[in-house]
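The structure appears right after this line, and notes come after that.
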Amino acid sequence: MTPSRQTLTIIVPVLNEAASLGELAARLRSAMAAIDVTWDVVFIDDGSTDLTLEGLRTLNAGDARFKAISLSRNFGKERAIAAGLAYATGDAAVLIDADLQHPPEVIGEFVNEWRKGYDIVYGQRLDRKTDGPIRRRLAQLYYHIFKALSRTTLPPGAGDFRLLSRRAVTAMNRLGERERFNKGLYSWIGFPSVGVPYRVAERKSGTAKWSPRKLLHFALDGIFSFSTVPLRLSSILGVLISVGAFAYGLWFLVYTLLYGIDRPGFPSLIISIMFLSGIQLISLGVVGEYLGRVYEEVKARPLYLVAEEVGLTGRPQEAGVGPVHVPPNGGGPP
Ligand code: UDP
Ligand code: MG
């Protein structure tokens with residue numbers, strides 16, 4: 001049975017994007033009018049502190065196709081996307097940023113590829129001109145490291161701007177991990193995928209929501225959730241150093257037997273102690289990174305909590321693991 005390819009849910013994570021909403025809605029409307037699909041939009045208000053939620057309510061009052069859920073606090077874009085995927089009802093879902101850096105007009109091309117049978121159609125940025133030179137270099141370096149350490153391959157230039165078929169959405173919804181690195185997860189689930197090139201626009205209004213600290217966390221999450229090579233590195237390093245120490249010991253023994261003890265050897269002692277302590281602490285830190293993540297996972301807290309639903313009722317289509325959805329009245333007495 002071929003799956004139906006008629007309805008589309010557009011998922012937009014928003015954090016303090018009140019200034020972008022009007023233009024985004026207008027651009028989406030005109031872009032979608034040119035495509036032969038039935039569509040709706042699910043905004044995920046990721047704990048905004050400005051007038052975003054009011055803006056979303058107004059949008060919904062004017063056009064019921066614009067729906068929203070509001071999370072109880074800022075859970076981060078990765079989890080906001082997870083929430084959107086759980087609430088999406090379409091035969092496919094499109095993820096798009098609110099700041100119009102992802103041109104809505106490209107969705108038409110996504111739909112064409114989807115109807116050819118692809119499950120994942122990702123937007124492939126033609127360049128990183130909108131990023132500064134330092135961020136661009138760091139991104140490049142990061143993807144090299146990721147490639148070297150992980151068996152999951154990330155297509156170059158692909159981000160969150162993409163279409164996922166219903167079965168890809170279902171697959172994403174079944175991944176229960178808390179430390180989510182969506183870029184890796186999209187590749188991990190597999191399915192036929194294809195890229196559609198697009199040019200990233202400048203942010204229309206508001207400011208970028210990624211601080212250097214958030215970006216660093218995001219980058220580390222990516223590596224630690226898709227590779228265990230760092231753990232293996234400390235074993236390898238340990239073996240190498242032990243072999244070296246053993247060889248040095250042998251050499252020293254022979255030397256002493258032949259020439260007697262003639263060297264004070266203080267500096268070498270201090271240096272090797274410091275060197276080894278450094279390695280031990282680093283290894284401990286690496287183990288700690290994984291342990292911390294294991295701890296996060298075993299606590300099995302929900303990925304996010306929903307504080308309010310706008311134009312949407314009831315449960316998400318497919319919940320991820322655990323009770324991801326708390327009813328707006330908290331499930332208590334009415
Ligand atoms: N965003 C979010 N939660 C966050 C950070 C960002 O929902 O904690 C949203 C944001 O409102 C925007 C999208 O994710 O719609 C991309 O964010 P931004 O434009 O700041 O990042 P960049 O363009 O640098 O990737
Ligand atoms: Mg942006």
Side-chain angles (χ1 to χ4, degrees), residues 9-25 27-28 41-56 59 66-88 93-104 106-107 122-140 142-143 154 157-162 178-184 186 198-219 221-222 303-308 310:
T9 299
I10 299 164
I11 297 171
V12 194
V14 282
L15 172 61
N16 298 335
E17 302 280 7
S20 314
L21 292 180
E23 194 178 347
L24 175 69
R27 282 275 293 279
L28 279 175
V41 182
V42 176
F43 288 95
I44 302 91
D45 170 26
D46 187 16
S48 299
T49 50
D50 66 352
L51 294 174
T52 299
L53 185 54
E54 282 76 358
L56 294 175
L59 266 182
F66 290 88
K67 304 160 188 174
I69 54 176
S70 178
L71 304 184
S72 60
R73 63 170 171 86
N74 178 252
F75 281 92
K77 186 183 178 190
E78 305 299 293
R79 292 183 184 210
I81 286 176
L85 288 172
Y87 271 87
V94 166
L95 305 174
I96 190 168
D97 281 359
D99 55 6
L100 288 167
Q101 288 196 283
H102 301 157
V106 181
I107 297 175
Y122 53 87
Q124 206 159 18
R125 49 200 293 179
L126 287 168
D127 53 54
R128 282 185 166 264
K129 279 208 191 88
T130 52
D131 288 348
I134 298 177
R135 179 161 167 184
R136 217 179 311 158
R137 280 282 147 71
L138 284 177
Q140 249 175 14
Y142 177 73
Y143 288 109
L154 305 179
D160 286 320
F161 185 33
R162 61 180 63 221
R178 272 108 199 121
E179 305 291 341
R180 296 179 88 81
F181 182 67
N182 284 328
K183 264 186 219 187
Y186 303 134
Y198 76 99
R199 204 165 285 283
V200 185
E202 291 291 344
R203 187 174 240 287
K204 279 284 170 193
S205 48
T207 50
K209 305 300 179 307
W210 292 91
S211 60
R213 205 175 122 235
K214 261 192 180 172
L215 266 181
L216 180 70
H217 269 273
F218 177 67
D221 269 348
L303 282 175
Y304 53 83
L305 297 175
V306 177
E308 185 177 335
V310 181

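Ligands are counted one by one from 1 in listed order, and the atoms in each one are counted from 1 as well. Computed over heavy atoms, backbone and side chain alike; hydrogens, waters and symmetry mates excluded.
- Ring pair Tyr198/His102 is perpendicular by interplanar angle, where above 60° counts as perpendicular and below 30° as parallel.
- Nearest non-hydrogen protein atom to atom 18 (P) of ligand 1 is Arg203 NH2, 3.4 Å.
- Counting heavy atoms from C-beta outward, Tyr87 and Val306 have side chains that approach closer than 4.5 Å.
- Of the N or O atoms in Ala98, one or more lie within a sub-3.5 Å distance of an N or O in ligand 1.
- If you check which protein heavy atom lies closest to atom 6 (C) of ligand 1, you get Lys209 CB, 3.6 Å.
- The residue from Glu78, Gln101, Glu17 that puts a heavy atom closest to atom 23 (O) of ligand 1 is Gln101.
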Item to complete: Output, in order, the C-alpha distance, side-chain angles, deciding distance and verdict of side-chain contact (heavy atoms from CB on, under 4.5 Å) for Phe43 and Thr52.
Response: CA-CA 10 Å; Phe43 288 95; Thr52 299; over 6 Å; no

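- In Asn16, neither the side chain nor the backbone holds a heavy atom less than 4.0 Å from any atom of ligand 1.
- Among residues two or more places apart in sequence or in another chain, the ring-ring contact (aromatic ring centres under 6.0 Å, His included) test is passed with Tyr122 by none.
- For atom 16 (C) of ligand 1, the nearest non-hydrogen atom of the protein is Asp97 OD2, 3.2 Å.
- Judged purely by atom type and a 3.5 angstrom limit, Asp97 has no side-chain atom pairing as donor or acceptor with the backbone of Asp99.
- By the 3.5 Å distance cut-off applied to N or O atoms, Pro13 is counted among the residues near ligand 1.
- When hydrogens are left out, the protein atom nearest atom 2 (C) of ligand 1 is Asp46 OD2, 3.5 Å; that is the closest non-hydrogen contact.
- Among all protein heavy atoms, the one lying closest to atom 19 (O) of ligand 1 is Asp99 OD2, 2.6 Å.
- Partner Asn74 forms a side chain to side chain donor-acceptor pair (under 3.5 Å) with one of Asp45, Asn16, Asp46 and no other, that one being Asp46.
- The Mg ion (ligand 2) has Asp99 among its coordinating residues (N/O/S atom, backbone or side chain, under 2.8 Å).
- Atom CZ of Arg137 is surrounded by 12 or fewer heavy atoms from other residues, nucleotides or ligands within 6.0 Å.
- Atoms CZ and CG, from Arg79 and Leu303 in turn, are 5.5 Å apart once rounded to the nearest 0.5 Å.
- In this structure, Ile44 and Leu71 have side chains that are in contact, with non-hydrogen atoms separated by less than 4.5 Å.
- Protein heavy atom closest to atom 1 (N) of ligand 1, with residue, atom name and distance, is Leu15 CB, 4.0 Å.
- The nearest protein atom to atom 21 (O) of ligand 1, hydrogens excluded, is given as Trp210 CD1, 2.9 Å; this is a heavy-atom distance.
- Under 4.0 angstrom from ligand 1, the non-hydrogen atoms of Lys77 come from both its backbone and its side chain.
- Using a 4.0 Å cut-off to heavy atoms of Val14, the atoms of ligand 1 that qualify are 7 (O), 11 (O).
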